[in-house]
Each structure stands twice: as C-alpha cells, then as structure tokens.
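All remarks here apply to the structure that follows.
Letters A, B, ... mirror the listed sequences (proteins, then strands); counts begin at 1.
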Amino acid sequence: MLPSDTHPLLSITGLAVSYGTPRGPASAIADLSLEIGKGENLGLIGESGCGKSTLLKAVMGVMPDNARIAAGRIAFQGRDLVAADAGFRRSVRWAGISMVTQSALNALNPVLRVGDQIAEAIRAHRDVSRAEAWRRTEALLTMVGVAPERARDYPHQFSGGMRQRAIIAMALALDPPLVLADEPTTALDVVVQDQIFQSLRALQQRLGFSLLLVTHDLALVIENCERVAVMYAGMIVETGPTRDVIRRPTHPYTLGLKNALPRLGSRDEPIAIPGGPPDLTDPPPGCRFAARCPFALPLCRTEPPALTTVAPGRQARCHRAAEIDALAPLAALPQTWDALRDAPR
Amino acid sequence: MAGYLLRRFWHMVLTLFAMATLMFFLFRLLPGDPTATVISPSLYPKAQEAMRQQFGLDRPLFEQYLLYLRNLLVLDFGFSFQTNRPVFEMIQGRLLNTLLLILPSMFAAYLLGAVIGAIAAWKRGSAGEVGLVFTATALQSAPLFWLGMLAILLFSIKLDLFPIGHIVTPGLFPEQDWRMYLSADFLHHLALPFLVNTLYQLCFPLLLMRSTMLSTIGEDYIELARMKGLSERRVLFGHAARNALLPLATTLPMILGWAVAGSVVIETVFSWPGLGLLMVEAISRADYPVAQAAFLLIAVLTVFGTFIADLLCGLLDPRIVYA
Amino acid sequence: MPTIILDFFRAVWRGPFGPTGLVILGICLALAILGPAIAPYDPVARNYDAAGKLLRLASPSWQHWLGTTLLGRDVLSQMLVGARPALLVGGLTALGTVLIGVNIGLIAGYFGGRIDSFLMRLTDMFLGLPFLPFIIIVLSLTGRSLTTMVIAMTLVMWRSTARVVRAQVLSLREMPFIAAARITGASDLAIIYREIAPNIMPIALVSVAFALAWAIITEASIGFLGFGDPSVVSWGSIVYDAYASQMMYRAPWWVIPPGIAIMVLVSAVYFVGRAYEQVINPRLRTG
C-alpha cells in the first residue's frame with residue numbers, strides 16, 4: 001500500500017450510482033467528488049432522498065442488489081474500493097472505515113447482547129480470543145460513558161442515548177482512521193444529542209479519526225465540522241470551509257437552506273424552499289435545482305453547470321455563482337421564493 | 001417468572017377441563033341412547049345394570065357430569081367394549097409409542113427445516129433454491145397418508161428395505177414388553193414412518209425460515225452486520241437466522257399440535273400401535289370409552305406441547321419478560 | 001367487495017407461481033362442475049371385459065386410462081367425480097372459517113378488555129383441540145356426511161383466522177382515521193364493518209387460501225381413514241378403498257392419481273395464497 005500521507009484518507013472522484021426501478025434506472029448519485037483528509041471533519045448536508053445514504057452505502061460496499069456503481073472511484077488511502085476484490089473490501093470495512101448509524105432504527109440486533117455485537121466486529125478482523133474481545137468491548141463502552149457491565153444487556157434494556165453510545169463504541173472498536181456518521185442523533189432529544197456530540201468530539205481529539213457527518217441539520221454541521229459539502233439530488237452543489245459557506249453561500253440551494261435556519265434575534269419565520277426534488281429516473285437536462293431556483297435562467301434548464309472553483313478551497317455548481325453577491329440579498333426575502341411557489345412549473 | 005408459569009399452567013388446566021366437558025356432552029348428547037357410548041351392549045343385562053350405577057347413568061345429567069370428572073381425575077376411563085379391560089391399561093403403552101414416533105421426528109424436522117431454510121435464503125435466486133421451494137410446497141401439499149403409502153410401495157415392497165408396518169415383528173416379543181424398544185427390530189420398524197413424517201413436517205419450518213430470513217435481510221442490523229465486515233455466512237447464520245428462529249419457535253406449538261393430531265394418519269398407514277391408531281380402531285368398532293380416552297390423551301399432549309413450546313419462545317426472545 | 005376481488009386477481013397475476021395456481025384452480029373448478037358429466041363410466045359401476053369377465057385391477061389401457069379397482073370400477077371416472085367433494089367441502093369450510101374467524105377477530109380486537117380476553121381464551125382452547133381426531137369423533141357420533149364434515153371443520157378452523165385478524169385490528173384501532181370516525185359519531189358497528197373490515201380483507205383473503213388448503217387435505221384424510229360420506233366418491237375415499245382392499249401395492253395406478261390430484265390442487269392454492277401474501281406484505285418480497 002502507498003504511504004497514506006501522500007493521499008487523502010478518502011477520495012471519491014466522479015462517482016455515479018444508479019438504482020434499477022420499475023420505471024428504469026434512477027440516477028441516485030451523479031458526478032460526485034469528495035475528499036476527506038486525515039483527522040478532518042466534513043459535514044455532508046442535504047434533504048432526505050438526496051442520495052446521502054446511497055453514498056454511505058456505496059462507500060461501505062453494502063449497496064442493495066438493484067443498485068450499481070456506474071462510474072467513478074472511491075479511493076481509501078489511495079486504493080480504489082470499487083475495483084478492489086471482495087476480500088480487500090471486507091478488510092477495509094469497519095477496520096478502515098466504520099459507521100455510526102441511527103440508533104432509533106433497528107441498528108442493534110434485538111436478540112443479541114450488546115457486548116457480543118461489538119465483540120464480533122473485533123473478532124471479524126483481529127485474531128483475538130473471545131475473552132480479549134470482550135475485555136476490549138468493556139473498555140470501549142467505558143470510553144463512551146456506558147458502564148462496562150451493561151455489555152451483557154440486550155438492546156431493549158438500553159435507553160436511546162445509551163444505544164447511540166454503544167453504536168459509537170462499536171464504530172471505534174477497531175480504531176478506524178475514518179468514521180462515517182449517518183444522522184447519528186436524529187431521534188434523540190436535544191440534551192442527549194449535545195452530550196453525544198461532545199463525547200464524539202472528545203473521542204476524536206483523543207483518537208484522531210476523521211469524521212464524515214451526514215445530516216439534514218445545518219446547525220449540527222456548523223457546530224461540528226470545519227468543512228461542509230452541500231448535496232442536492234445526487235450531486236454536490238457546493239463545498240468549502242463551513243464558516244465561509246454559511247456566511248457567504250455561492251449556490252441558491254445553500255441560500256435556501258440557510259433561510260430555513262432559525263435566526264437568533266429575528267422575528268422572521270424561516271423560509272422553506274418550495275417544491276420537491278426532481279424525479280431521478282428522468283433527471284432534468286440542465287441544473288437539477290433549476291425547477292426550484294428563483295434565479296434560474298433559460299441556460300440553467302438546458303445546460304448542466306459544472307462544479308467550479310469559486311474561491312480558494314471553495315467550489316460551487318451554479319451558472320450564476322459569480323453574481324451570487326447580488327442575488328443573496330434577494331434570497332433572504334420571502335417574496336423571492338413565494339413568486340416561485342405561485343408560478344406554474 | 002414463577003407467576004407466569006403458574007398462570008400459564010392454570011390456563012392449561014382450564015383448557016383441558018373445557019375439553020373434557022366438551023367430550024362429555026358430545027358423547028352423552030349426540031347419539032340417540034346416551035348410555036350406548038358408555039356401556040357395552042355386549043354385556044349381560046345384569047352387568048349393564050351394575051355399570052349404569054357405577055357411572056351414575058340413572059341419575060341426572062349434572063350428577064353424571066360430576067362423576068365423570070371425578071373418574072377422569074383418578075384416570076378411570078371405564079372399560080373397553082371390545083376387551084372389557086380397563087381403558088387405562090390399554091392406552092398406557094400406546095402413549096409411549098406415539099411419543100417415540102412423533103417427538104424425535106418433530107425435533108429432526110424443525111432442526112433440519114431451520115438449517116435447510118437458512119441455506120435456501122443464503123442461496124436465494126439460485127436454481128437449486130427455486131427447486132427446493134417448489135419441492136417443499138408440493139410435499140407439504142401432498143396428503144401424509146399418501147406419502148406414507150408411496151414410501152411403503154417403494155422402500156418396503158419394491159426395494160424390500162423396511163418392514164411394511166407395525167412396531168416390531170409380530171410374535172418376536174411378548175405384548176407390552178419394554179425390551180422391544182431396545183431392539184434393532186424396533187428401530188428397523190421405526191425408520192420408515194419416522195423418515196416420512198420428518199420429510200413431510202420439515203417443509204413448513206423450512207419455508208417459514210427461508211421467508212422470515214429473507215424479510216430480515218432488509219433490516220438495519222443486518223446491514224450494520226455486513227458493514228462490520230462479517231462474512232456473508234456469519235451475517236446470515238449469526239444475525240438473520242438468529243432472528244428468524246423466533247417466528248419459527250412461535251409456530252412450534254401449532255405445528256406440534258398438528259403433528260400429534262396428524263399421528264392418526266401416519267399411525268394408520270404404518271399400523272403403528274399408538275394413540276391415533278387406537279382411536280381410529282376404537283371408533284370403527286364403536287368402542288367409545290377407548291376412543292374418548294385416546295382423544296383426551298391426544299388433547300393433553302397437544303395442550304402440554306403448546307405449554308412447553310411457549311416457554312421455549314421465552315428463552316429465545318430476550319424481549320419477552322415474564323410479568 | 002368486488003374491487004378487492006379484482007385487486008386480488010391483479011396481484012396474483014404477477015410472477016410465475018400465481019397464474020400457474022390460478023389456472024390449476026380453474027381446471028379443478030371446471031372438473032368439480034363438469035366431472036360427473038365427462039366421466040367415461042359410472043364411477044361405481046363394475047366393468048367387464050369382452051369375454052364378460054370382471055375387470056379386477058386392470059392396468060391402464062385405452063378403455064380405462066387409469067386402470068380399474070378391485071371391484072372393477074374405472075379409476076379415471078372416480079378421479080373426475082372426486083374433484084367435487086374436495087372443492088365443495090374445502091370451499092364451504094374456508095368460507096365458514098373466515099366468516100366466523102373474521103368476526104370474532106374484529107370484535108375481540110376492537111372492543112378489547114373483557115370481551116377480548118374471553119374470546120381469546122376461547123380461541124386458545126380451540127387451538128388446543130386436536131383437529132383431525134375431533135372431527136373423526138364428531139363424524140362417528142353424528143353420522144358421516146359432507147354437511148357434518150363442513151360444520152365440524154369450520155367449528156375448529158376459525159381459531160387461526162381469528163388470531164391473525166385480531167392482531168391486525170389491534171394496530172388498526174390506533175390509526176387516525178378510526179379516531180376521526182369516532183369523533184364524527186359513528187357507531188361501534190359502523191366503525192367495525194365500514195372502517196376496519198375493509199382494511200383486513202387482504203389478510204382475510206390469505207386466510208381463505210390457507211383454510212382452503214387445509215380443508216382439502218383434511219377432507220382427503222377423513223376419506224382415507226374411512227370416515228367420509230359412504231355415498232360419495234372422493235379422492236380420499238379412493239385411496240381408502242385401495243388401502244382397505246390390501247391390494248394397493250399391486251395396483252399403483254389406483255393409489256397414485258388421487259394423491260397427485262390432491263397435491264396439485266393444494267399446491268395451487270398455496271401458490272395463489274403466497275403470491276397474494278407477497279403483494280400485500282412487501283416485507284416478504286425481498287430477495
């Protein structure tokens with residue numbers, strides 16, 4: 001393997017994933033490129049159905065039978081996972097890239113002890129005895145703030161927050177360099193949500209893993225990630241340092257997302273973006289956001305924009321990225337979006 | 001746990017009581033002459049009169065009922081019309097014979113069914129799997145008595161591998177001699193009905209195991225298990241199969257009930273001297289006391305089987321708390 | 001009601017198994033209606049050869065496609081006639097089972113409380129009742145007829161349907177549209193039969209299929225054990241005659257066809273039932 005420091009930890013280039021559906025293939029991800037460096041925190045934001053989960057499944061290599069990677073590379077430490085053989089892929093799973101899933105869903109098998117579910121991940125990759133794996137499991141649980149004797153419990157005996165901690169412990173079981181987190185705190189109340197993120201960040205400081213946080217909650221990204229990528233209908237539409245992107249978005253979709261954030265000291269109602277994502281079995285020929293964009297030009301409906309560098313470290317996929325400073329004030333007005341709501345599509 | 005056991009046990013007693021009551025009224029009310037099902041018509045009038053008094057048939061129905069219940073409690077089922085021996089003597093050995101055939105066979109059926117069903121789910125979509133599902137459905141749809149007859153036709157008559165029926169070669173052992181159960185001759189007789197019953201009974205657990213496993217494959221914990229880098233085999237047998245065992249176990253009581261009730265058929269085909277055959281023969285000969293006792297014993301087996309199987313489910317599913 | 005039947009056929013028509021099952025069921029139904037009319041011989045008449053000798057256990061020939069029985073009866077004719085009792089008993093039992101089971105399940109699930117626990121205790125008791133032995137006893141005490149058979153079988157078989165339906169009703173009861181109906185002042189009966197019942201029709205249809213399969217097999221088993229209606233030729237009674245004659249092993253043509261007929265018919269019912277179940281329960285569709 002090549003020395004890892006000459007390559008970004010994870011580098012996705014030109015990825016395209018499509019699903020077979022009764023109405024033909026749906027392009028769930030198109031021309032997607034992403035990079036995560038060592039120790040970095042990247043937030044991936046987008047509404048549900050934008051392809052976030054598909055991306056994670058593609059990276060983890062657990063795509064459903066009807067999905068296939070049509071193009072692109074997913075390189076982990078410089079080695080392409082898409083083309084790699086099954087043995088290598090399996091060795092990267094969890095040991096190289098692990099994942100913190102939503103605990104609200106059935107991520108833990110209800111009929112197996114929590115400790116066993118963590119220990120089996122260790123034993124799948126390391127040649128250790130049952131007792132050793134169990135000791136490591138108890139240490140992991142302690143690390144995430146769960147009493148080690150609870151390892152013998154079943155998932156239903158855990159509270160929602162504890163289950164989430166157990167899943168984090170599971171994700172860190174093999175000291176992976178990269179952890180993916182998929183809406184990790186969606187179903188938890190705000191206080192617990194905060195605690196979980198605090199310990200996640202503390203663990204990151206200690207262990208130095210990189211984190212890809214996938215969420216629809218912009219506030220979480222602002223608090224936890226130094227870089228952000230905004231996803232819409234299977235494509236990255238904007239990426240850059242979180243602070244810059246939030247302060248000065250260069251894509252109308254990001255402007256719209258920002259509008260939906262509740263602003264401190266403002267009485268204005270948050271403004272929602274009207275309409276819904278396009279039908280991905282028949283994606284629009286131009287910009288995928290054009291139908292919902294108040295600034296769309298005729299060009300936007302025919303010509304797909306490319307992801308271009310708009311400033312150092314910042315990219316956007318918009319024909320009008322250059323004029324964004326003029327458009328941004330308009331985007332903050334409800335009327336701008338209302339006009340779109342009333343107009344026939 | 002103790003409370004649950006007690007309540008479950010109480011329900012069992014209640015069910016059996018209801019069944020005994022049902023039997024009482026069926027046998028006393030349905031036929032024209034209520035005494036016809038209790039007292040053998042072949043007895044001398046004097047003996048008939050003695051029995052009429054013993055079973056209280058000259059008294060009101062309700063008193064008869066109480067007497068009937070009391071007799072059941074002390075396992076007094078009356079006398080066989082056929083042999084004039086106490087019924088209890090006749091059904092004792094039959095119970096063991098039925099259990100020796102049905103229990104091992106059901107155990108094998110569930111074990112094999114679960115394993116083969118899991119493998120079928122693993123190899124989903126392959127030609128072998130489609131063929132297996134098709135065969136299992138067809139076997140399950142075939143009448144058990146007919147499968148038994150085909151097996152006799154093929155393995156006993158054409159190939160001469162197994163005896164045609166009975167539990168041991170007639171005349172080899174004195175009647176009801178326990179040593180016969182230890183003989184090779186007994187196993188030789190057991191083999192074919194055991195195989196046929198197992199083959200027939202394993203179709204249901206097989207198909208159920210396959211379909212529940214396929215439905216758990218979409219669950220998040222299965223996806224997570226895959227992401228953990230577990231081998232496909234571990235994902236299926238350690239996670240999916242473990243979860244599919246639950247629905248499988250919950251069907252066990254029902255299937256055990258069917259199997260015990262179905263023993264009537266398999267025992268008839270193979271002339272296996274169990275409770276089922278005893279009941280069929282007794283009914284054909286209008287030997288009602290024997291038929292009734294055999295039925296009640298089959299019911300006890302069914303209800304008790306349900307009870308055990310329920311407890312088993314509790315052991316498999318940690319979410320069930322005996323409250 | 002008609003729309004659900006239409007949906008049923010539309011759902012089952014997809015995939016290879018459903019249509020296969022439907023076609024087989026159609027053929028059996030045609031036989032049940034036309035069987036006696038197209039049977040080449042009287043199923044209980046003795047047949048003689050040209051020399052006037054009784055055709056005992058004649059092997060299949062052009063005159064008798066499936067051979068003859070010990071009494072010289074034509075097996076093919078018996079087979080054709082035997083479809084009717086199988087479908088008649090099966091169909092009526094399935095219908096009765098579902099009628100009783102659905103209603104008990106609806107009432108237990110909707111009202112809950114004491115009514116529910118009483119009905120469920122009753123169901124549990126019936127679940128402990130040994131099915132085939134019970135029916136044999138009832139038949140032997142009341143006389144062997146198809147009517148008694150249907151009644152006895154229905155009396156026991158409703159138990160599984162009731163359980164399945166009740167479980168479904170329990171979850172439906174908490175749905176917003178039920179609360180809405182209650183607020184508008186609909187009576188309990190109206191809610192049960194107008195709001196809830198249509199939603200459990202799919203599950204009721206699945207249980208019709210499984211009840212049908214079971215009833216057909218049971219009818220044959222009863223026939224085989226010799227407790228069937230003595231005046232009716234059924235597939236089960238053909239096997240019984242062969243078995244009782246002790247000659248079955250010399251005349252495979254006498255024993256094999258009725259078993260195959262039952263197997264094919266019941267498989268067809270299962271195919272249709274499973275195909276429909278997969279459509280109404282998408283979780284089963286994976287893989």
Side-chain angles (χ1 to χ4, degrees), chain A residues 53 56-65 86-114 116-126 152-158 163 166-167 170-171 173-174 176 179-180 182-183, chain B residues 1 114 118 120-126 129-130 208-252 311-323:
Chain A
S53 305
L56 292 180
K57 284 179 188 176
V59 172
M60 294 305 292
V62 293
M63 290 201 303
D65 295 342
F88 179 72
R89 297 216 65 162
R90 219 176 76 210
S91 70
V92 169
R93 279 185 208 161
W94 226 251
I97 310 172
S98 73
M99 184 151 145
V100 176
T101 54
Q102 278 182 55
S103 70
L105 301 174
N106 259 333
L108 292 170
N109 191 330
V111 299
L112 300 180
R113 293 177 200 280
V114 175
D116 285 334
Q117 300 189 48
I118 300 176
E120 77 175 349
I122 300 170
R123 280 167 58 82
H125 295 272
R126 305 268 154 82
R152 307 203 70 83
D153 284 359
Y154 289 95
H156 72 275
Q157 292 165 305
F158 273 33
R163 247 176 288 179
I167 288 173
M170 192 187 287
L174 300 163
V179 175
L180 315 179
D182 184 12
E183 308 272 11
Chain B
M1 179 78 186
W122 185 19
K123 304 278 180 205
R124 60 191 178 280
S126 66
E129 189 247 1
V130 174
L208 183 68
M209 184 73 183
R210 174 187 162 275
S211 67
T212 23
M213 268 186 66
L214 288 183
S215 71
T216 54
I217 281 171
E219 297 281 353
D220 298 299
Y221 53 79
I222 298 298
E223 190 166 83
L224 186 66
R226 275 217 182 96
M227 289 196 288
K228 280 195 280 194
L230 304 185
S231 64
E232 186 67 8
R233 229 176 77 190
R234 260 205 72 88
V235 170
L236 278 161
F237 290 93
H239 283 263
R242 185 72 174 64
N243 284 66
L245 278 182
L246 262 178
L248 200 65
T250 49
T251 61
L252 189 60
L311 295 184
L312 211 79
C313 294
L315 290 181
L316 275 174
D317 189 352
R319 285 166 297 185
I320 295 180
V321 185
Y322 294 106

Quiz item: Short question: side chain of A:Arg93, backbone of B:Met227 - any donor-acceptor pair under 3.5 Å?
Solution: no

Quiz item: Does a side-chain heavy-atom distance below 4.5 Å link A:Glu120 with B:His239?
Solution: yes

Quiz item: Which distance, rounded to the nearest 0.5 Å, do you find between the CG of B:Leu224 and the CG of A:Leu108?
Solution: 7.0 Å

Exercise. First locate atom NZ of B:Lys228, then atom CD of A:Gln117, and finally report the distance between them rounded to the nearest 0.5 Å.
Key: 5.5 Å

Quiz prompt | Under the salt bridge (charged side-chain N to carboxylate O under 4.0 Å, His left out) test, residues paired with A:Arg152 that sit two or more places apart | solution = none

Quiz prompt | Test item: A:Met60 and B:Arg226 side chains (from C-beta on) under 4.5 Å apart, heavy atoms | solution = no

Quiz prompt | Smallest separation among heavy atoms of B:Gly229 and A:Ala124, with atom names | solution = O-CB, 4.3 Å

